[in-house]
**Q** 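My structure is below; once you've seen it, I'll send some questions.
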Protein chains: 2
Amino acid sequence: MSVQQRATLDDVARLAGVSPKTVSRVYAQREKVSPDTAERVLSAAKRLRFRPNSLARSLRRGGVSTTVGFIMGELRNPFYYTVASGIEKALAAQGFTLIVATTDDSVEGEERVADTLLAQRVGALLLIPVSDDQSYLDGERQLGTPVIAIDRPARNLVADAIVLENRRGAVEATTALIAGGHRRIAYVCNPASVYTQTERVRGYREALIAGGIDPDPRWERLLDDPTAPADAVIRELLDQPDPPTAIIAGNNRVCVGALRALRDLASPPALIGFDDFETADVLGVTVVGHDPAEMGRRAALLAIERMADPTAFTTQIELPTRLIPRGSGERPPATETA
Amino acid sequence: MSVQQRATLDDVARLAGVSPKTVSRVYAQREKVSPDTAERVLSAAKRLRFRPNSLARSLRRGGVSTTVGFIMGELRNPFYYTVASGIEKALAAQGFTLIVATTDDSVEGEERVADTLLAQRVGALLLIPVSDDQSYLDGERQLGTPVIAIDRPARNLVADAIVLENRRGAVEATTALIAGGHRRIAYVCNPASVYTQTERVRGYREALIAGGIDPDPRWERLLDDPTAPADAVIRELLDQPDPPTAIIAGNNRVCVGALRALRDLASPPALIGFDDFETADVLGVTVVGHDPAEMGRRAALLAIERMADPTAFTTQIELPTRLIPRGSGERPPATETA
DNA sequence: TTGAAAGCGATACCAG
DNA sequence: CTGGTATCGCTTTCAA
């Protein structure tokens, strides 16, 4: 079984009886070639099963890269992959391909995979920051590789960012619970020391104060322990005297954990989750929803724009959230004397 | 704001006072360089923020590609992205990067993105076949690019495949329902004309016959209409006289649809889904589970193996499924006279 | 409209 | 152990 050679541009040129450059022109958009020769070239290319090598094309200094890198925590997280899906679609529509790399949400992982991606000479780098310091990317940025942070802004780095209106979303959820008659409203999240959560916690507290309620640490569970199971945390929260009558889950992980903890309760507290998830409607879970795919799409479009002009000013784009009532958030507080 | 140049291997060589080839050796594993010069080179590289260009490295004829392409239907489908996650992890562990491309489950899409990926000179191509003819990849395979089909075998192409024991899983589910006293057991899937479903339907029918029950078209809904909402199909199924007392959902989409249709029923039929999903335990759904991440991992490992030796014989690997009882599948048939 | 020659960044071959 | 030289596949001047 003989392994043949791959046909190159020169092979095509030879067969078509033209110069390599002419073949190149045929494949380059908006370069003039007489229709006659173009056809000769194309048929030769077809005969040889020629496929232009985009590696070689990108090699040239300042050559156009056709790839974009995306660094994410892990592919199994619904939020992450939905963002990835939005990115991929938007890129593909413009002829770019997506290289994904995951960090397992670890700080070392982030820098390591960034290195790999940059070695591939991606035209732009999209990332959901894990580390609280992206200054290691500054050299690359100065070299002209645009960096776009998603979901949380980059730290110590000039970069565009696409984030959510986290604070506003939290205010809306909290206000709705207050309007529903709740006074003891808990907020649970894990991890807590990330941008999205600090913003959401801030909104939660602001809304409490606006509603005439003093924020109380007893109702806050701001964890930073990847191993802490959310359902256990929720159970502990509800086991205290004077338990909260409503819970806001800071992300979908915690929300699913809360569902596990609440499923067997006779009169469960109200529950509002952050981030929508596929079976939330079946489960009747009220959430602060947003559109992760749209985040990805916007990030990809911005990346393409920046690749065209890396010197432009960077911006931070905030995407809206909206409260989606499905039942769990509309439960009234259990009557005290029941 | 001046855009600087990226440091090259030659720059590093110049600064370290050695030849380019020596720098190259430092970065190539298992090439002998005196520790003294190696250190000089590395410090020079660091000063210049040098990052080897893997594009240039792969350009050389027979050069080692560091990328693997994965063609999938769409990134939002839990099954697909879990597979992708397994692939990515396994690849990253060995220094490869993953390029993903999605087809929106369309036949034209598959060939189009395969083209893009091959233009990137991926070292191997993994795909979940959509088209029923992958012969368009044969040229590339002969050129030495291994192709690995996941979930369903490739058609008209010599390629490795990693699939599930679909038939066995369907037999197990059906047999369990029969053992539970069910006689009218429905099977619903959409799309139906894909390998996994034809296998599962076959297993379903075999198990019925083995249990002394004649397969009956009235209980089969083998759809091929992407727009048909699963919940409507289930409702229609249950509305007929003499409705089934148990339903097997051929994939997770249909299963979630079934949940929507069944949620308000007083005495819902038993339900077993194919494919596990995140909130299945919360919802108490019995499923024929498997491990999509493991499929991805195995596919990636096989790809790496084949890249090292593309002339090896191809194989088909079957991965096990297992019935996970969670309640919905254990419901007894409603008493006829209730 | 077409072609010749140089070069992108790294590696392999063969000497030293 | 180290260094020249050709080369991978394509694109960009600059001429013709």
Side-chain angles (χ1 to χ4, degrees), chain A residues 3-42 44-45 48-67 118-123 143-144, chain B residues 3-42 44-45 48-67 118-123 143-144:
Chain A
V3 174
Q4 342 175 0
Q5 293 299 337
R6 215 181 282 273
T8 73
L9 190 140
D10 289 285
D11 298 329
V12 177
R14 206 154 22 233
L15 181 60
V18 297
S19 83
K21 176 56 197 165
T22 301
V23 179
S24 171
R25 269 191 258 263
V26 172
Y27 282 90
Q29 258 57 321
R30 74 223 204 149
E31 284 243 37
K32 302 276 179 191
V33 181
S34 87
D36 186 41
T37 38
E39 187 173 346
R40 279 226 313 288
V41 167
L42 286 175
L48 296 174
R49 287 218 196 87
F50 169 70
R51 205 190 301 276
N53 183 335
S54 43
L55 261 42
R57 186 177 297 189
S58 313
L59 185 56
R60 160 153 308 285
R61 184 188 293 274
V64 200
S65 171
T66 60
T67 59
L118 292 170
Q120 303 280 351
R121 294 299 187 266
V122 292
L143 258 24
Chain B
V3 175
Q4 341 176 0
Q5 293 298 337
R6 215 180 283 272
T8 74
L9 188 140
D10 290 282
D11 299 329
V12 176
R14 209 157 16 240
L15 181 60
V18 297
S19 83
K21 178 56 197 166
T22 301
V23 179
S24 171
R25 270 192 257 264
V26 172
Y27 282 90
Q29 257 60 320
R30 76 217 202 159
E31 283 244 37
K32 301 278 179 191
V33 182
S34 89
D36 187 43
T37 36
E39 186 173 350
R40 279 225 314 286
V41 167
L42 285 175
L48 295 174
R49 287 220 196 86
F50 169 69
R51 205 189 301 275
N53 184 335
S54 43
L55 260 45
R57 188 177 292 187
S58 314
L59 184 56
R60 164 153 301 282
R61 181 192 295 274
V64 200
S65 171
T66 60
T67 59
L118 292 170
Q120 303 281 350
R121 295 298 187 266
V122 292
L143 258 24

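The analysis underlying the following values was restricted to heavy atoms, covering all of them including side chains, and did not include hydrogens, waters or symmetry mates. Just so we're on the same page: letters track the sequence lines, and every chain starts at 1.
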**Q** Under 4.0 Å, heavy atoms only, any strand: does B:V23 hit a base, just the sugar-phosphate, or nothing?
**A**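 Touches nothing.
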**Q** Flag the pair A:T37 / A:V26 as yes when at least one side-chain heavy-atom distance between them is below 4.5 Å, and no otherwise.
**A**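 No; the side chains remain at least 4.5 Å from each other.
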**Q** From the set C:dA10, D:dC10, C:dG3, return the single nucleotide nearest to any side-chain atom of B:L9.
**A**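 Selected nucleotide (nearest to the side chain): C:dA10.
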**Q** Nearest whole angstrom, please: distance from the P of C:dG9 to the CG of A:L143.
**A**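 Rounded to whole Å, this separation is 11 Å.
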**Q** If you take atom types as modelled and just measure distance, does the side chain of B:K21 reach the base of C:dA10 with a donor-acceptor pair under 3.5 Å?
**A**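 In this structure, the two groups form no donor-acceptor pair.
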**Q** Between B:R60 and B:G17, which has a closest nucleotide on DNA chain D that is more 5'?
**A**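 Between the two, 5'-proximity favours B:G17.
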**Q** Distance check: side-chain N/O of B:T22 vs OP1/OP2 of D:dG3, anything under 4.0 Å?
**A**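 Checking D:dG3 against B:T22, a side-chain N or O does come within under 4.0 Å of OP1 or OP2.
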**Q** At under 4.0 Å, does any side-chain N or O of B:T37 touch on OP1 or OP2 of D:dT2?
**A**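 B:T37 to D:dT2 OP1/OP2: side-chain N or O found under 4.0 Å.
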**Q** Atom CZ of B:R6 and atom P of C:dG7: how far apart are they, to the nearest Å?
**A**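 About 21 Å, once rounded to whole Å.
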**Q** Roughly, in whole Å, what's the span from CG in A:L48 to P in D:dC10?
**A**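 Taking atom P of D:dC10 as the reference, CG of A:L48 is at 12 Å.
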**Q** Examine D:dG3: is either OP1 or OP2 under 4.0 Å from a nitrogen or oxygen in the side chain of B:S19? Give yes or no.
**A**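 Yes, because at least one side-chain N or O of B:S19 sits under 4.0 Å from OP1 or OP2 of D:dG3.
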**Q** Quick one: A:D10 CG to D:dC10 P, roughly how many Å, whole number?
**A**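 Computing the A:D10:CG to D:dC10:P distance gives 8 Å.
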**Q** Could you tell me if the side chain of B:L118 sits less than 4.5 Å from the side chain of B:V122, heavy atoms only?
**A**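 In contact.
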**Q** Assign each of B:P20 and B:R121 to its nearest nucleotide of DNA chain D by heavy atoms, then name whichever residue's nucleotide is nearer the 5' end.
**A**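 The residue mapped nearer the 5' terminus is B:P20.
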**Q** In this structure, how many angstroms lie between the P atom of C:dG9 and the CZ atom of B:F50, rounded?
**A**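 Atom-to-atom, B:F50 to C:dG9, this comes out as 10 Å.
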**Q** Once you round it to whole Å, what is the distance between P of D:dT11 and CG of B:L55?
**A**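 About 13 Å, once rounded to whole Å.
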**Q** If I take atom CD in residue B:Q120 and atom P in nucleotide D:dG9, what distance separates them, rounded to the nearest angstrom?
**A**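 Going from CD in B:Q120 over to P in D:dG9 covers 16 Å.
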**Q** With respect to the side chain of B:S34, which nucleotide from C:dA10, D:dT7, D:dC1 is positioned closest?
**A**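 Taking heavy atoms from C-beta onward, the closest nucleotide is D:dC1.
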**Q** What is the distance, rounded to the nearest whole Å, between atom CG of B:L59 and atom P of D:dT11?
**A**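 Result: 12 Å.
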**Q** Take B:A56 and B:R25, find for each the nucleotide of DNA chain C with the closest heavy atom, and name the residue whose nucleotide sits nearer the 5' end.
**A**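 Residue closer to the 5' terminus by nearest nucleotide: B:A56.
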**Q** With a 4.5 Å heavy-atom cut-off, do B:R40 and B:V18 have their side chains touching?
**A**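 Contact flag for B:R40/B:V18 side chains = yes.
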**Q** Would one find a side-chain N or O of A:R57 under 4.0 angstrom from OP1 or OP2 of D:dT11?
**A**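 It does, given that an N or O in the side chain of A:R57 lies less than 4.0 Å from OP1 or OP2 of D:dT11.
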**Q** Would you indicate, yes or no, if D:dT12 has its OP1 or OP2 atom less than 4.0 angstrom from a side-chain nitrogen or oxygen of A:S24?
**A**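 It does not, given that no N or O in the side chain of A:S24 lies less than 4.0 Å from OP1 or OP2 of D:dT12.
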**Q** List the steps and the verdict of side-chain contact (heavy atoms from CB on, under 4.5 Å) for A:Q120 and B:T67.
**A** CA-CA 9 Å; A:Q120 303 280 351; B:T67 59; 3.6 Å; yes
**Q** Would you call B:L42 and B:Y27 a side-chain contact if the rule is heavy atoms closer than 4.5 Å?
**A**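 In short, these two side chains touch, coming nearer than 4.5 Å.
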